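Nothing fancy with the numbering, it's 1 onward along the sequence. All of these numbers come straight from a predicted model, not from anything done at the bench.
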Amino acid sequence: MFPAMLLLIGVTLVGQTPSWRATMVSPNEPGEPLILSGTVYQRDGRTPAAGVRVRIYHTDASGVYSRDGDGESSPRLQAIVHTNEDGRYEVRTIVPGAYPGQRTTAAHIHMMVSVSGGTEQNATFSVAGDPRLTQADYQKHGQAGTFSAIRPIERDPNGSLRAVRDIRLR
């Protein structure tokens, strides 16, 4: 009766416990389905951080944030999750497209992380293998393992596309 409610999985309503999982797209969204997951850690990079707010947004498969021309200021594909007790989060979405007609910005996913009472931290990452990434990009941003600002999208044994982006709080 209310199919649009499925898109509210990651939205916290008054009186509800924040969810660590969200679905950003409807089943008929064009593009390749992607499961984005990871763990948010404290500054030491080893201790999981529970209850961290992660706002995730990106372009659709055609590289556009909003069909009405508002762009990045009001992205159509977005979700907010709060990490679970193990610092984990998971979002079901699609592989983002690179900006149309743009030759220097790789396809990427924005991740804005904040701890209650703290400032927002940008953990955006680019999709590894994008031809717009240069060797200098990989040298500067691709050397930190799962904390890297350049992350691959890989197919798991079940055939699903997955990306893992761990985040270290500053």
Distance-only polar pair, side chains of Q121 and T119, donor-acceptor under 3.5 Å: no
Is R88 salt-bridged to D86, cutoff N-O under 4.0 Å? no
Path from M24 to F125 over hydrophobic side-chain contacts below 4.5 Å: yes
Row check, F147 ring normal vs R168 NZ/CZ: under 6.0 Å, within 45°: yes
Okay, side chain of T59, backbone of A98: is any donor-acceptor separation there less than 3.5 Å? no
In short, P100 meets V64 closest at the heavy-atom pair CG-CG2, 4.3 Å
What is the ring orientation for Y65 with Y99, classed by angle as parallel under 30°, tilted 30 to 60°, or perpendicular over 60°? tilted
Non-hydrogen atoms of A107 and G97 that approach each other most closely: CB-C, 4.1 Å
Assigning hydrophobic clusters by single linkage (Ile, Leu, Val, Met, Phe, Trp, Tyr; side-chain heavy-atom cutoff under 4.5 Å), is V91 placed with L77? yes
Consider only side-chain N and O atoms of S26 and N28, and report whether a donor and an acceptor are under 3.5 Å apart. yes
Taking the side chain as everything from C-beta on, heavy atoms only, tell me whether E85 gets closer than 4.5 Å to W20. no
Mind listing the closest non-hydrogen atom pair of L133 and D137 along with its distance? CA-OD2, 3.4 Å
What I'd like to find out is whether the side chain of R55 reaches to under 4.5 Å of the side chain of P75, using heavy atoms alone. yes
Can you name the closest pair of heavy atoms from G87 and P48 and give their distance? N-CB, 3.9 Å
Yes or no on side chain to side chain contact (heavy atoms under 4.5 Å, CB included) for Y41 and T146, after CA distance, side-chain angles and deciding distance? CA-CA 12 Å; Y41 293 94; T146 58; 6.0 Å; no
Return the minimal non-hydrogen interatomic distance between V113 and A123, and the atom names on each side. CG2-CB, 4.2 Å
Does D166 use its side chain to pair, donor to acceptor, with the backbone of T39 at less than 3.5 Å? yes
Taking I94's backbone N and O only, do any of them form a donor-acceptor pair with E32's side chain (distance below 3.5 Å, no angle check)? no
How many angstroms lie between CG in N122 and CE in M111, if you round to the nearest 0.5 Å? 10.0 Å
Shortest non-hydrogen contact from S126 to H108? CA-CB, 3.9 Å
Rounded to the nearest 0.5 Å, what's the gap from OH on Y138 to CD on Q143? Could you check? 11.0 Å
Counting N and O atoms only, with roles assigned by atom type, does the side chain of R151 sit under 3.5 Å from a partner on the main chain of V164, one being a donor and the other an acceptor? yes
For residues H82 and I80, determine if any side-chain heavy atom of one lies less than 4.5 Å from a side-chain heavy atom of the other. yes
N/O donor-acceptor pair under 3.5 Å between R165 side chain and I109 backbone: no
Look at the side-chain heavy atoms of Ile, Leu, Val, Met, Phe, Trp and Tyr, link any pair under 4.5 Å apart, and say whether I56 and I150 land in one connected group. no
V54-L34 co-clustered via ILVMFWY side chain contacts under 4.5 Å: yes
Has the side chain of D60 got a donor or acceptor atom that lies under 3.5 Å from a matching backbone atom of S62? yes
Would you check if the side chain of S37 reaches a backbone N or O of Y89 as a donor-acceptor pair within less than 3.5 Å? no
Could you verify whether a donor N or O on one side chain and an acceptor N or O on the other, from T93 and H58, lie under 3.5 Å apart? yes
Out of curiosity, E90 CD to T23 OG1, how far, rounded to the nearest 0.5 Å? 8.5 Å
With the threshold set at 4.0 Å, does a side-chain nitrogen-carboxylate oxygen contact exist between E29 and R92? no
